[in-house]
Amino acid sequence: MTAKKKVMLLPGDGIGQEVTAQVRRIIAWMEEAGVASFELSEGLIGGASIDAHGVPLTDETVAACLAADAVLMGAVGGPKWDNVPFDKKPERGLLRIRKDMGLFANLRPAIVFEELAEASTLKRDVVAGLDIMIVRELTGGIYFGQPRGIETLENGDRKGFNTLVYTTPEIRRIGKVAFDLAVKRGKRVTSVDKANVLESTILWREEMEVVAKEYPDVALSHLYVDNAAMQLVRNPKQFDVMVTTNMFGDILSDCAAMLTGSLGMLPSASLGAADANGKRNALYEPVHGSAPDIAGQDLANPLAMILSLAMMLRYSFDLDAAADRLENAVKATLAEGIRTGDIMQPGATKVGTKGMGDAVLKHLANA
Ligand code: IPM
Ligand code: MG
């Protein structure tokens with residue numbers, strides 16, 4: 001028996017709770033079926049932590065996440081915490097956990113499942129078969145750059161400012177992640193920047209060229225972010241791996257997500273640097289938010305969370321066969337015509353969050 005996989009669950013707020021409940025059932029099934037053995041622990045993040053401790057993330061929770069082999073997070077935020085001070089907002093918990101765990105590489109795949117090609121707002125032939133990977137830098141750039149703040153000038157006007165800064169090591173390490181992924185995929189990397197305006201991304205572009213020299217089999221191209229946004233909706237299938245800065249990645253990944261029909265389908269992985277034993281900190285989460293408007297009503301689509309678990313099996317535990325099995329169970333569920341409201345189609349069977357979990361479990365058992 002191999003060692004138990006230490007997994008920390010952070011359900012968070014809103015639908016985070018409900019989608020985590022479905023993942024717990026799948027983990028329990030995997031243990032029973034002998035696929036893997038897990039040691040689960042659980043913590044609070046976001047509004048849930050604000051309510052309990054007055055802060056969106058405690059030092060104890062950070063320590064527990066660092067001690068785990070992998071973290072699986074739901075979602076944070078909601079109108080309930082709209083009026084808490086900026087530095088205590090639920091989102092600050094998420095930004096802190098990324099920074100404290102050193103999760104610099106955010107992998108956001110956008111895959112169109114054949115059964116959902118009609119669910120996109122774009123034409124079927126534009127999106128059918130889409131399989132792109134957005135690699136977003138996650139612990140640097142304008143999200144964390146100093147100085148930042150809001151100041152009052154002598155004349156009484158106010159000034160708000162942030163700093164977009166990248167260093168060569170930061171750019172090279174995210175570049176390597178993108179190229180390593182491309183080697184195993186379509187062997188193409190598109191780096192997205194704004195090098196016609198911003199010096200920090202002139203450096204970004206130059207450093208991506210440096211990294212590319214180590215990967216003679218991978219073709220590197222560059223796009224300005226405005227053009228990249230346009231190309232994503234014009235002809236998304238031209239892309240294989242896209243690598244970009246923290247803020248551009250935030251924006252482009254929402255755009256790419258909608259190509260697939262629903263934010264409710266997309267998982268993500270946030271990875272740190274590998275240590276001497278090859279172990280890396282990792283956090284997995286659905287791309288969707290906490291959707292407070294539908295929370296607690298058994299309406300949320302748990303598939304993004306379930307697919308985040310599949311990413312965890314693959315990237316943190318090298319359990320590729322188990323990940324394939326789980327992803328195939330999701331595909332079989334969609335092929336059977338089971339749908340939550342966000343991906344509902346004419347003639348399909350509408351289910352709730354738990355019903356979707358039931359269907360995936362049924363197909364897992366049959367796989
Ligand atoms: C995301 C989210 C976060 C981000 C917010 C909630 C801080 O939009 O993960 O894409 O901007 O990174
Ligand atoms: Mg975002």
Side-chain angles (χ1 to χ4, degrees), residues 10-17 19-20 44-50 55-57 62 65 71-82 84-110 132-145 148 162-166 170 174 177 192 225 228-229 232 242-260 262-272 281-293 295 300 304-305 307-308 311-312:
L10 298 175
D13 308 320
I15 61 169
Q17 298 286 339
V19 297
T20 304
L44 300 175
I45 190 166
S49 176
I50 297 175
V55 288
L57 187 68
V62 173
C65 288
V71 179
L72 190 56
M73 203 196 86
V76 296
K80 184 175 174 196
W81 304 282
D82 273 353
V84 303
F86 177 71
D87 62 333
K88 297 237 163 63
K89 284 214 181 295
E91 292 79 3
R92 303 308 304 176
L94 178 57
L95 295 169
R96 179 174 170 202
I97 196 87
R98 289 173 178 169
K99 194 72 176 172
D100 286 5
M101 292 180 74
L103 307 173
F104 69 92
N106 184 210
L107 278 42
R108 297 190 162 182
I132 61 183
M133 177 69 89
I134 296 192
V135 179
R136 168 188 177 193
E137 199 290 326
L138 202 60
T139 52
I142 199 165
Y143 270 51
F144 294 96
R148 62 189 295 163
N162 292 87
T163 303
L164 173 53
V165 53
Y166 274 111
E170 283 179 304
I174 192 71
V177 170
V192 178
V225 63
L232 260 181
M242 293 179 104
V243 61
T244 191
T245 63
N246 202 342
M247 186 160 73
F248 295 164
D250 177 46
I251 298 164
L252 293 180
S253 63
D254 266 28
C255 181
M258 266 330 280
L259 303 173
T260 72
S262 171
L263 272 174
M265 293 299 301
L266 291 187
S268 79
S270 303
L271 308 174
N281 288 337
L283 179 146
Y284 300 84
E285 60 174 312
V287 170
H288 64 67
S290 60
D293 51 324
M305 186 69 168
L307 292 168
S308 297
M311 283 190 99
M312 170 188 287

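Indexing begins at 1, ligand by ligand and atom by atom, following the structure's order. What's counted below: heavy atoms across the whole structure, side chains too, no hydrogens, waters or symmetry copies. Just so you know, residue 1 is the first one in the sequence shown, and it goes up from there. Since we're looking at a predicted model, the values are computed, not measured.
Among protein heavy atoms, the minimum distance from atom 10 (O) of ligand 1 is reached at Asp250 OD1, 2.9 Å. Scanning all protein heavy atoms for the shortest distance to atom 4 (C) of ligand 1 gives Tyr143 OH, 3.5 Å.
For atom 9 (O) of ligand 1, the nearest non-hydrogen atom from the set Met247, Glu285, Arg98, Glu91 comes from Arg98.
Because the distance cut-off is set at 2.8 Å, Asp254 fails to qualify as a neighbour of the Mg ion (ligand 2), as none of its N, O or S atoms comes that close.
Looking at Val243 and Val177, their side chains never come closer than 4.5 Å, going by heavy atoms from C-beta outward. The side-chain heavy atoms of Arg92 and Phe86, taken from C-beta on, include a pair separated by under 4.5 Å.
The backbone N or O of Tyr143 lies less than 3.5 Å from a partner atom in the side chain of Arg148, making a donor-acceptor pair.
Looking only at N/O/S atoms, Asp250 comes nearest to the Mg ion (ligand 2) through OD1.
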Discussion item. Ile97 vs Ile45, test: side chain to side chain contact (heavy atoms under 4.5 Å, CB included). Steps then yes/no.
Written reply: CA-CA 9 Å; Ile97 196 87; Ile45 190 166; 4.1 Å; yes
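Between Arg136 and ligand 1 there is a heavy-atom distance shorter than 4.0 Å.
Under the side chain to side chain contact (heavy atoms under 4.5 Å, CB included) rule, Pro267 has a single partner from Met311, His288, Glu285, which is Met311. Across Leu283, Asp100, Asn281, Val71, a single residue satisfies side chain to side chain contact (heavy atoms under 4.5 Å, CB included) together with Cys65, and that is Val71.
The side chain of Arg108, and not its backbone, has at least one atom closer than 4.0 Å to an atom of ligand 1 (non-hydrogen atoms only; side chain from C-beta on).
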